[in-house]
Engineer: 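Below: one structure in structure tokens.
Hydrogens, waters and symmetry mates play no part in the numbers below; they use all other heavy atoms, side chains included. Chain letters run A, B, ... following the sequence lines, proteins first, then strands; residues in each count from 1.
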Amino acid sequence: MLRHIVRKEVRETLRDGRFRWGSALVGLLLVLSLAAGFAHRQEVQRSHDAAQAMSWSQWLDQGDKNPHSAAHYGVYVFRPVSTLSLVDRGVDPYMGVSTWLEAHYQNPFEHRAVQDTPAMARFADLTAATTLQLLIPLLIFLLAFRSFSGEREQGTLRQLLSLGVDPNRLAWGKVVGTGAALSILLVPAAVLGALALFVAGPGGGAVEGEAARYLLLLVTYLAYFGVVTLVAVGVSALAPSSRAALAILLCLWIANGLLAPRIASDVARNQVPLPSSMEFQAAIQSDLAQGFDGHPDRATRQAMLQDSVMTTYGVASLDELPFNYAGVSFQSGEEFGNLVFDRNFGALAQRVGEQLELHRRLGFLAPHLALRSLSMALTGTDPAHHERYAAHAESHRRLIQRVLNNDIRDNSRRGETYLADASLWAAVPEFEYQGPGVRWALAGQGTAVGALLFWLLAGAVLARAGAVTAARRA
Amino acid sequence: MLKAEKLSRIYNGTPALSDLDLEVNPGEIYCLLGANGAGKSTTIRLFLSFIQPSSGRALVKGLDVSAEPLRSKRFLAYIPEQVMLYPHLTGAENLEYFSALAGHDGYSRADLEGFLRKSGLQDDAHHQRVAGYSKGMRQKVGIAVALAKHAEALLLDEPTSGLDPEASNEFSVLLGQLRDQGVAILMATHDLFRAKEVGTRVGIMRRGVLRAELDPALLAHADLERIYLEHMHD
């Protein structure tokens, strides 16, 4: 029986001009956004690779100089772009793409794409994720808002019920039927996406396990479209008329897709305020200069280090040490800096993490928030992936400083002019990054998965209750 | 086949149907006559369990329809004043869908065409979309659904109102054939002439009460009309 309901729903849908035009339009947008995403990713990845290679060759060819000058000269690293970002760019446009690994400071990432974009252009930024997260649900609502109310209005619902049809089965058939009609649009899109990923190749090292990530991404969107369809069928069954059903669904669409993300950001900002960029930098400067948690100020730290080194080696003057004290001093400064950076960047990351978890929890109210979080995580474009890359870049910065400072300590004399050559630059390992796999990506997404499952259940309950009510009111 | 026992239904304190006792046996056409609001449609909707009785029982083949709403409907076919079909589907597709949902999903294209032909729908309309059908053609698809689901009882609510005399006559002939095959038919109608023609029994209702039960074979048309009017005006 289910098979017949599904087949009839599909047949009716395909003969309906609104579906043909609507899905053709959404299909076109989906193809265009995938193509644009593909082109954008390839171009950005190429330019990042080129820029990073150039920075590295400049490092190697910087000529003879003092290692500490080289430390200030530094290296730029450019964040690789996930191949899956052709589907969902996540927070990529809001996060900087590169950072400068230099002496003394952990620099924030610079050059955000949004800084180069006029405000209005943000709305025109069409990605596959926008199409999938906003336009397809709208299409589903337009397909399904009459599923029950329309049958009631044209009298066929009573005709069906007079045959002894179980209303639950009817609702289920309508849900599956809507999905089947939609699959005509979605299956080719999924294949096209897989093809684009295949052509783009595993590369850049932004993420690992692209295939598994893509499969789970499909499952996630499928579950979300299931929620949307269940809600649409349920509302259509419960609403007094098709017009009312459409009005209610459009309100839900606006609240869930457009208002919820804004409100969630405001709530998160209020509940877990973040320091401004200036406050953040000032706190780091203050920690470095004045010390913190019992660590003394800079001058005291330097005096204590001198004393302790001279005591250890039993000498009365720094010149008598068997190595160059400057290297020890630089490295000690670095290590204190590292404590400061870990403390400040760590606290910031934790607060950002709390904000994101709040978004995911609000996914129990607006499922779009849960979907967005999962989609970004699976495509490797969420803040957690950025955080992980930034941490690797920072540990590489620390490695460079250690190599250079140890060279000063061991190979130069205090007060002498010392120039290192290309062999030292080459002794610094080139920066390499291997992104995380799908397990890592999903580790923090438990709440989002829970919210999506909760909505599947809620949608099923709604559709069921709606079918029973509609049967009673037929 | 169809049986009402002290069947009553009260809407907001007003009785729409009071203590109806009625039985329709296989091979019978029972016509319910009465003005609008007499309780004819209420009776039919109670048999379909679209509404629940306030007291009493409606039985289909011995099954209480309130207790077994899905099972009791397997034996029924319902033809309202306007048979409602899916406009984007053809007549044959509508028939296929409705009979599949009634549990008969093995019909071939030829079977479906056979049912439509038996119901009097012209061949060239079988595979046209229903959007272009006349009312009479829709009623015929309704009959075809009843044939396809092998209904043992037919519930008709003003099935001929709005049909032209020829279509109406054609419909009566079809009902006669179904009666001869042993189907129990309960028909609510305003049409005294039609009731006299096809009915094996006629019931006259007013304000939810069955006032009289007559055998039309024993009456002339004029007598039926006189008795009907007497009951309407006292």
Engineer: Given that the side chain runs from C-beta out, which part of B/Arg71 has a heavy atom under 4.5 Å from chain A: side chain, backbone, both or neither?
Structural biologist: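 Neither part; nothing is under 4.5 Å.
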Engineer: Can you tell which of A/His4, A/Arg15, A/Arg11, A/Gln154 has the highest number of heavy-atom pairs within less than 4.5 Å of chain B?
Structural biologist: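 That would be A/Arg15.
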Engineer: Within the 3.5 Å criterion, strictly below it, is a donor on B/Tyr86 or A/Glu151 matched to an acceptor on the partner's side chain?
Structural biologist: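 Side-chain D/A pair, B/Tyr86 to A/Glu151: present.
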Engineer: Does the side chain of B/Met84 reach to within under 4.5 Å of the side chain of A/Gln159, using non-hydrogen atoms?
Structural biologist: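 Yes - at least one pair of side-chain heavy atoms lies under 4.5 Å apart.
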Engineer: With a 4.5 Å heavy-atom cut-off (strictly below), which parts of residues 135-159 of chain B touch chain A? List them by number.
Structural biologist: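 Interface residues of residues 135-159 of chain B: B/Val145, B/Lys149.
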Engineer: Given heavy-atom pairs under 4.5 angstrom as the criterion, report whether the side chain, backbone, both or neither of B/Leu70 touches chain A.
Structural biologist: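 Both parts, heavy atoms under 4.5 Å.
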Engineer: Any chance you could measure A/Ser162, atom OG, to B/Ile44, atom CD1, to the nearest 0.5 Å?
Structural biologist: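 Separation between the atoms: 11.5 Å.
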Engineer: Is it the case that atom CH2 in A/Trp172 sees more than 12 heavy atoms from other parts of the structure closer than 6.0 Å?
Structural biologist: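 No, the 6.0 Å shell around CH2 holds no more than 12 heavy atoms from other groups.
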Engineer: Could you give me the CA-CA distance, side-chain angles and deciding distance for B/Tyr97 and A/Leu160, then say whether side-chain contact (heavy atoms from CB on, under 4.5 Å) is met?
Structural biologist: CA-CA 10 Å; B/Tyr97 182 56; A/Leu160 282 180; 3.9 Å; yes
Engineer: So which of B/Glu96, B/Gln82, B/Gln52 has the largest heavy-atom pair count under 4.5 angstrom toward chain A?
Structural biologist: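 Max contact count across the listed options: B/Glu96.
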Engineer: Indicate yes or no: does B/Glu93 engage A/Arg7 in a salt bridge with an N to O separation below 4.0 Å.
Structural biologist: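 Result for this pair is no, no salt bridge flagged.
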Engineer: Please classify the contact between A/Arg169 and chain B as side chain, backbone, both or neither, with a heavy-atom cut-off of under 4.5 Å.
Structural biologist: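 No part of A/Arg169 comes within 4.5 Å of chain B.
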Engineer: Show your working on side-chain contact (heavy atoms from CB on, under 4.5 Å) between A/Leu163 and B/Lys73 and close with a plain yes or no.
Structural biologist: CA-CA 6 Å; A/Leu163 299 169; B/Lys73 275 184 235 160; over 6 Å; no
Engineer: Can you list the steps and then say if B/Tyr78 with A/Arg158 is a side-chain contact (heavy atoms from CB on, under 4.5 Å)?
Structural biologist: CA-CA 9 Å; B/Tyr78 168 57; A/Arg158 180 173 291 185; 3.8 Å; yes
Engineer: Answer with side chain, backbone, both or neither: which region of A/Leu157 has an atom nearer than 4.5 Å to a non-hydrogen atom of chain B?
Structural biologist: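 A/Leu157 has no heavy atom closer than 4.5 Å to chain B.
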Engineer: Relative to chain B, which of A/Ala471, A/Gly173, A/Gly164 shows the most heavy atom pairs under 4.5 Å?
Structural biologist: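 Highest number of heavy-atom pairs under 4.5 Å: A/Gly164.
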Engineer: Are the side chains of A/Thr13 and B/His88 in contact, using a 4.5 Å heavy-atom criterion?
Structural biologist: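 No - every pair of side-chain heavy atoms lies 4.5 Å or more apart.
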